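Here the structure is laid out as structure tokens; the discussion comes afterwards.
Here the structure is a predicted model, which means the values were calculated and not measured. Side chains included, hydrogens not; waters and symmetry mates left out as well; all remaining heavy atoms used.
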Amino acid sequence: MDSKVQIVFGLLGGLAIFIYGMNMMSECLQKAAGEKMKSILAMLTKNPVLGVLAGALTTAVLQSSSATTVMAIGFVSAGLMNLPQAISIILGANIGTTMTAQIIAFKISDYIYVIIFLGFIISFIAKSEKAKSIGQTLFAFGLLFLGIETMGDVMKPLASSPVFTDMIGKVADIPILGVAVGTLMTLVVQSSSATIAVLQNFASQAGPDGVTSILGLTGAIPILLGDNIGTTITALLASVGQPKDAKRTAVAHCIFNISGCLLFIWFINPFAKFVQMISPKGSEVEVISRQIANAHTTFNCVMTLIWIPLIWLMVKIVMRIVPDGKKELRDPAEPLYLDEKLVSQPTAALQLVAKEVVHCGEVVRAMLQDTSKAVKKEEMPLLEDVFEKAAIVSNLNGRITEYLADLFSAGVLTEEQATQTAGIMYVLSDIDRMGSLCEDVAEGIRDKIEKKYKYSKDAMKDLEKILNMIESMYSEAMQAMTTGDLENAKKILKKKEKVIELDINMRKGHMTRVGKGKCAANLTAPFNQILHSIDRMSNSCMNIADAALGQVDLNYFINVTANGEDMKA
């Protein structure tokens, strides 16, 4: 094979192994971290400083600032986070992403295959899912360095090519050209961590003298700045079709990195000297990888310190760039919170699912209120409202179930998360059943109106009373689910007995009235059908209460509701 072709394929193959290893490590780290990810995400709404910390920790686990930024955009779109909070997350994400460069700077060439073997053995023989995830993380970590080593091996011949060294000399001497190269590389690869790894590896190649770097730190810094600009394209793409605050979050990410580039490009030489001062000493080719990692960390830490007290200014800038304009009308049948881009981050995705389930539950609560009013007033418009909401509930149920199926098929859920997902589906099925039963009661009332059935006043009062009791049970069941207040759940179990008692009395009362000629005998079947639907409603309320009492982990419901309330406060 031609040497040039071999270099190109070697570079691409090494990059592929690196990116595969990084993505695998991200997925396995998420599984190993498990429920600790919820604790990190719970910090998001506290204050800007904790937001920065949460962004840094999340990015350290996900091994991608782009993934964290996409998550922040999804949360803003869902209303779980406001714009200043999202900006603080992005500031932290930019610090967190420097961890990859710091890891790469370690020289572990002699231990790569040992790490890969150990990771394989642990994941192969381990019984627990957490131990398997740790083994796979170690295996992926080894692959990551194998990719770097492969790229380094094929780059060595380039260092002796006069044409290539002349080209690199131009990039090193013209900072703006280095920024353009770095931006273009990241736009193509869609990963700043990958392009910075390539940069570290390439800069570690010795020049003609065998001691100094072919690129040098002053030549590497502009490319590094360009890498930071290029990574913002992922956030911009993720914001397409999202609400305005989500677009503003993406723009804030761009402003952070572009403003940093515009500031640091004037001080490349002093910045390089500072980085050399704080980095290990030695020959340039031996220490430049660490110097680039330190430059990356310093750049993002300095820019974060500058922007934290100026978040208010960042908000004003992005609101000027993306003005409010016309208020966007959303289809009520469409999910408010689900975000397909977050399927690969199950902890965040499950929070959005819980929020969507609560939203679906609110639509059902409104259906119950409309049904009670329709029984009292016997007005067709109220019944039409019930039928419209029933269609919304059915659509939401289908979309949530489909989203959960996508989570399962993506293979990103831990066993514990899979169990929690099954619990969420259990609650969702009862909420959907409540909607269907409301529709059944409404159809019974519509038949009464259209066929001019004449129930007695006592029957209608009893019907209104039992529906109000069901509405109260349902509200308390959902409150127990979203607040963790188990006293409400216990009250529902007692109310069920009252519903049964009232149901029996209503049936007896109806038959007594039929015997006295106050109610027509042919109304018994439709009246009993309505009561049967109401009895099944009480059973669904009981199921939700039972779930709150221990069958379902409420953390996702509680966390997501608390966040939503914080947003409105």
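Residues Phe75 and Gln85 have side chains not in contact (no heavy-atom distance under 4.5 Å, counting atoms from C-beta outward). Counting heavy atoms from C-beta outward, Thr249 and His253 have side chains that stay 4.5 Å or more apart. Residues Leu215 and Ile223 form a side-chain contact, since some pair of their non-hydrogen atoms from C-beta on lies under 4.5 Å apart. Thr98 is not listed as a side-chain neighbour of Phe299, based on a closest heavy-atom distance of 4.5 Å or more. Side-chain contact between Ile321 and Lys247: absent, with no pair of heavy atoms (C-beta onward) separated by less than 4.5 Å. Counting heavy atoms from C-beta outward, Leu336 and Lys355 have side chains that stay 4.5 Å or more apart. For the pair Leu236/Cys254, a side-chain contact is recorded, criterion being any heavy-atom separation below 4.5 Å from C-beta on. Asn257 places a side-chain heavy atom less than 4.5 Å from the side chain of Asn94.
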Legend entry - Working for side chain to side chain contact (heavy atoms under 4.5 Å, CB included), residues Val251 and Val322: CA-CA 8 Å; Val251 171; Val322 185; 4.0 Å; yes
Inset, instruction - Begin with the C-alpha distance, continue with both residues' side-chain angles, and end with the deciding distance and a verdict on side chain to side chain contact (heavy atoms under 4.5 Å, CB included) for Tyr403 and Glu356. - result: CA-CA 11 Å; Tyr403 190 83; Glu356 197 67 61; over 6 Å; no
Legend entry - side chain to side chain contact (heavy atoms under 4.5 Å, CB included) evaluation trace for His296 with Thr97: CA-CA 9 Å; His296 193 206; Thr97 195; 4.0 Å; yes
Inset, instruction - Decide side chain to side chain contact (heavy atoms under 4.5 Å, CB included) for Gln291 and Ile288; before the verdict, give the C-alpha distance in whole Å, the side-chain angles of both, and the deciding distance to 0.1 Å. - result: CA-CA 5 Å; Gln291 288 175 348; Ile288 194 166; 3.9 Å; yes
Inset, instruction - Assess whether ring-ring contact (aromatic ring centres under 6.0 Å, His included) is satisfied between Phe117 and Tyr113, documenting all intermediate values. - result: CA-CA 6 Å; Phe117 178 71; Tyr113 294 106; over 10 Å; no
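A donor-acceptor contact closer than 3.5 angstrom links the side chains of Thr186 and Thr195. Judged purely by distance below 3.5 Å, without hydrogens or angles, the side chains of Gln345 and Thr68 never pair a donor atom with an acceptor atom. Residues Gln200 and Arg290 bring no donor and acceptor atom of their side chains to less than 3.5 Å of each other. Remark: the Ser279 side chain and the Asn294 side chain contain an N/O donor-acceptor pair separated by less than 3.5 Å.
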What side-chain donor-acceptor pairs closer than 3.5 Å can you find for residues 258-278, not counting sequence neighbours?
residue : atom : partner : partner atom : Å
Ser259  : OG   : Ile255  : O            : 2.7
Ser259  : OG   : Phe256  : O            : 3.0
Ser259  : OG   : Trp307  : NE1          : 3.2
Trp266  : NE1  : Leu262  : O            : 3.0

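Annotation: the span from Ile87 atom CD1 to Asn82 atom CG amounts to 9.0 Å, rounded to 0.5 Å. Separating the CD1 atom in Ile311 from the CG atom in Leu91 is a distance of 5.5 Å, to the nearest 0.5 Å. Atom CD1 of Ile125 and atom CD1 of Ile121 lie 6.5 Å apart (nearest 0.5 Å). Distance check: Ile292 CD1 to Phe202 CZ gives 10.5 Å after rounding to the nearest 0.5 Å. For the atom pair CG (Leu144) and CD1 (Ile103), the distance works out to 8.0 Å, reported to the nearest 0.5 Å. Considering CG of Leu342 and CG of Leu407, their distance stands at 9.5 Å, rounded to 0.5 Å.
Minimum interatomic distance between Ala246 and Val76 (heavy atoms only, all atoms of both residues): N-CG1, 3.7 Å. Shown here for Ile17 and Leu143, the closest heavy-atom pair between the two residues is CG2-O, 3.2 Å. The nearest pair of heavy atoms linking Val343 to Ala410 is CG1-CB, 3.9 Å. Contact detail for Leu224 and Asn228: the closest heavy-atom pair is O-ND2, 2.9 Å.
Note: Phe120 and Phe124 have parallel aromatic rings, judged against thresholds of 30 and 60 degrees for the angle between ring planes.
Looking at Thr59, its side chain does come within 3.5 Å of a backbone N or O of Gly55 through a donor-acceptor pair. The backbone N or O of Ser123 sits nowhere less than 3.5 Å from a side-chain atom of Gln136 that would complete a donor-acceptor pair. Panel note: side chain Thr183, backbone Gly226; a donor-acceptor pair is recorded below 3.5 Å.
Around CD1 of Ile176, the count of heavy atoms belonging to other residues, nucleotides or ligands within 6.0 Å does not exceed 12. Summarising the local packing, CE of Met99 is surrounded by 12 or fewer heavy atoms from other residues, nucleotides or ligands at distances under 6.0 Å.
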